[in-house]
Amino acid sequence: MTTTPASPDPTMEAIGQAVIEGRTGDILSARHKLLNLWSAIGVTGDPLHRCSLAHYLADLYEDPAQALAWDVRALDAADAATEQRVQEHHASLHICGFYPSLHLNLADDYRRLGSFDAATEHINAAKEHVPGLPQDAYGASLRTALDEVAEAIFQRDTAKRPSAPGPTA
């Protein structure tokens with residue numbers, strides 16, 4: 001498998017740059033850049049672009065209701081993406097590998113909002129997709145987060161997880 005993108009994609013590069021900016025602490029600027037990209041892509045644009053952007057934008061909101069809106073958009077876009085399109089972007093990616101993280105984020109959003117039935121549905125959906133996770137550090141981190149969110153749902157805990165991505169409170 002290749003470790004480089006199949007072809008240059010300026011939109012994915014712009015998303016990546018904004019994500020890096022957000023992760024280094026400039027959340028407002030990163031959010032602004034992603035929102036501008038969202039406007040350019042549009043709600044009917046490339047599903048891979050919409051999924052990636054919405055997935056990362058959700059992490060830039062402390063409010064779980066705002067994050068939920070973007071996480072729903074990310075899942076909807078993933079459902080519209082094709083394996084071919086994902087492979088065109090990067091040969092090592094598979095659309096099935098997106099679902100554990102997407103459902104995990106939704107489970108965590110719903111849990112933080114106190115909607116434990118919806119959270120349980122999404123944590124179960126995430127667990128169904130665990131076999132598609134790679135056996136690497138990324139896969140291990142998602143498996144750990146799945147366990148943490150599942151336990152928090154069981155405990156009816158609505159507090160933000162210390163290990164959750166996104167801005168700090």
Side-chain angles (χ1 to χ4, degrees), residues 1 3 12 15-16 18-31 33-35 38 47-81 83 86 89-90 92-169:
M1 277 193 245
T3 58
M12 292 299 281
I15 291 167
V19 169
I20 290 167
E21 194 171 319
R23 288 181 178 166
T24 58
D26 198 346
I27 300 214
L28 292 178
S29 177
R31 190 184 304 158
K33 287 177 180 176
L34 290 175
L35 288 170
W38 181 263
L48 177 62
H49 293 162
R50 290 185 292 123
C51 178
S52 300
L53 187 150
H55 177 68
Y56 290 117
L57 187 55
D59 290 345
L60 298 178
Y61 287 96
E62 181 65 29
D63 178 357
Q66 289 178 301
L68 175 64
W70 288 105
D71 283 328
V72 167
R73 289 178 181 114
L75 182 61
D76 286 345
D79 288 342
E83 184 70 15
V86 171
H89 173 64
H90 203 290
S92 68
L93 293 178
H94 298 282
I95 193 65
C96 66
F98 291 26
Y99 287 99
S101 179
L102 295 172
H103 283 290
L104 168 67
N105 289 356
L106 285 164
D108 206 28
D109 295 335
Y110 282 120
R111 175 194 66 79
R112 290 194 59 216
L113 292 166
S115 184
F116 297 109
D117 290 341
T120 299
E121 287 177 31
H122 282 284
I123 202 69
N124 289 339
K127 288 177 180 180
E128 288 175 18
H129 293 283
V130 164
L133 286 175
Q135 296 297 322
D136 60 9
Y138 172 75
S141 70
L142 276 180
R143 286 179 187 87
T144 298
L146 284 166
D147 290 342
E148 290 173 358
V149 172
E151 180 60 25
I153 292 167
F154 178 78
Q155 296 292 332
R156 300 297 198 242
D157 182 358
T158 60
K160 182 175 180 179
R161 295 178 300 114
S163 63
T168 57

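Just the heavy atoms: all of them, side chains too, but no hydrogens, waters or symmetry mates, feed the values below. The first residue in the sequence is number 1, and the count goes up from there. All figures in this text were calculated on a predicted structure; none of them were measured in a lab.
The list of salt bridge (Lys or Arg N to Asp or Glu O under 4.0 Å) pairs with a residue in residues 66-79, not counting sequence neighbours, is empty.
Side-chain contact between Ile15 and Tyr56: present, with at least one pair of heavy atoms (C-beta onward) separated by less than 4.5 Å. Contact of the Phe98 side chain with the Leu48 side chain is registered, since non-hydrogen atoms from C-beta on lie closer than 4.5 Å. Counting heavy atoms from C-beta outward, Arg31 and Leu57 have side chains that approach closer than 4.5 Å. At a threshold of 4.5 Å between non-hydrogen side-chain atoms, the residues Ile123 and Phe116 do not count as touching.
Minimum heavy-atom separation, Arg50 to Ala77: CB-CB, 3.7 Å. The two residues Ala30 and Ala18 come nearest to each other via the heavy atoms CB-O, 3.2 Å. Ala54 and Ala74 make their closest contact through CB-N, 3.6 Å (heavy atoms, listed as atom of the first residue, atom of the second, distance). When all heavy atoms of Cys96 and Pro100 are compared, the closest pair comes out as O-CD, 3.5 Å. Considering all non-hydrogen atoms of both residues, Ser52 and Met12 come closest at OG-CE, 3.3 Å.
Here the CD1 atom belonging to Ile27 is positioned 9.5 Å from the CG atom belonging to Asp59, to the nearest 0.5 angstrom. Taken to the nearest 0.5 Å, the CD1 atom of Ile153 stands 8.0 Å off from the CG atom of Asn124.
In this view, Ser29 and Glu21, Asp26, Lys33 satisfy the side chain to side chain contact (heavy atoms under 4.5 Å, CB included) rule, not counting sequence neighbours. Every residue meeting the side chain to side chain contact (heavy atoms under 4.5 Å, CB included) condition with Ala78, not counting sequence neighbours, appears here in chain and number order: Cys51, Ile95, Tyr99, Leu102. Residues passing the side chain to side chain contact (heavy atoms under 4.5 Å, CB included) test with Glu121, sequence neighbours excluded: none.
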Under 3.5 Å, which donor-acceptor pairs link side chains of residues 125-137 to any protein atom two or more places apart or in another chain?
residue: Asp136; atom: OD1; partner: Tyr138; partner atom: N; Å: 3.2
residue: Asp136; atom: OD1; partner: Gly139; partner atom: N; Å: 2.9

Side-chain donor-acceptor contacts of residues 104-113 below 3.5 Å, not counting sequence neighbours, with atom names and distances?
residue: Asn105; atom: ND2; partner: His55; partner atom: ND1; Å: 3.4
residue: Asp108; atom: OD1; partner: Arg111; partner atom: NE; Å: 2.9
residue: Asp108; atom: OD1; partner: Arg111; partner atom: NH2; Å: 2.7
residue: Asp108; atom: OD2; partner: Arg161; partner atom: NE; Å: 3.2
residue: Asp108; atom: OD2; partner: Arg161; partner atom: NH2; Å: 3.4
residue: Asp109; atom: OD2; partner: Leu68; partner atom: N; Å: 3.4
residue: Arg111; atom: NH1; partner: Asp157; partner atom: O; Å: 2.6
residue: Arg111; atom: NH1; partner: Ala159; partner atom: O; Å: 2.9
residue: Arg111; atom: NH2; partner: Ala159; partner atom: O; Å: 2.9
residue: Arg112; atom: NH1; partner: Glu62; partner atom: O; Å: 3.3

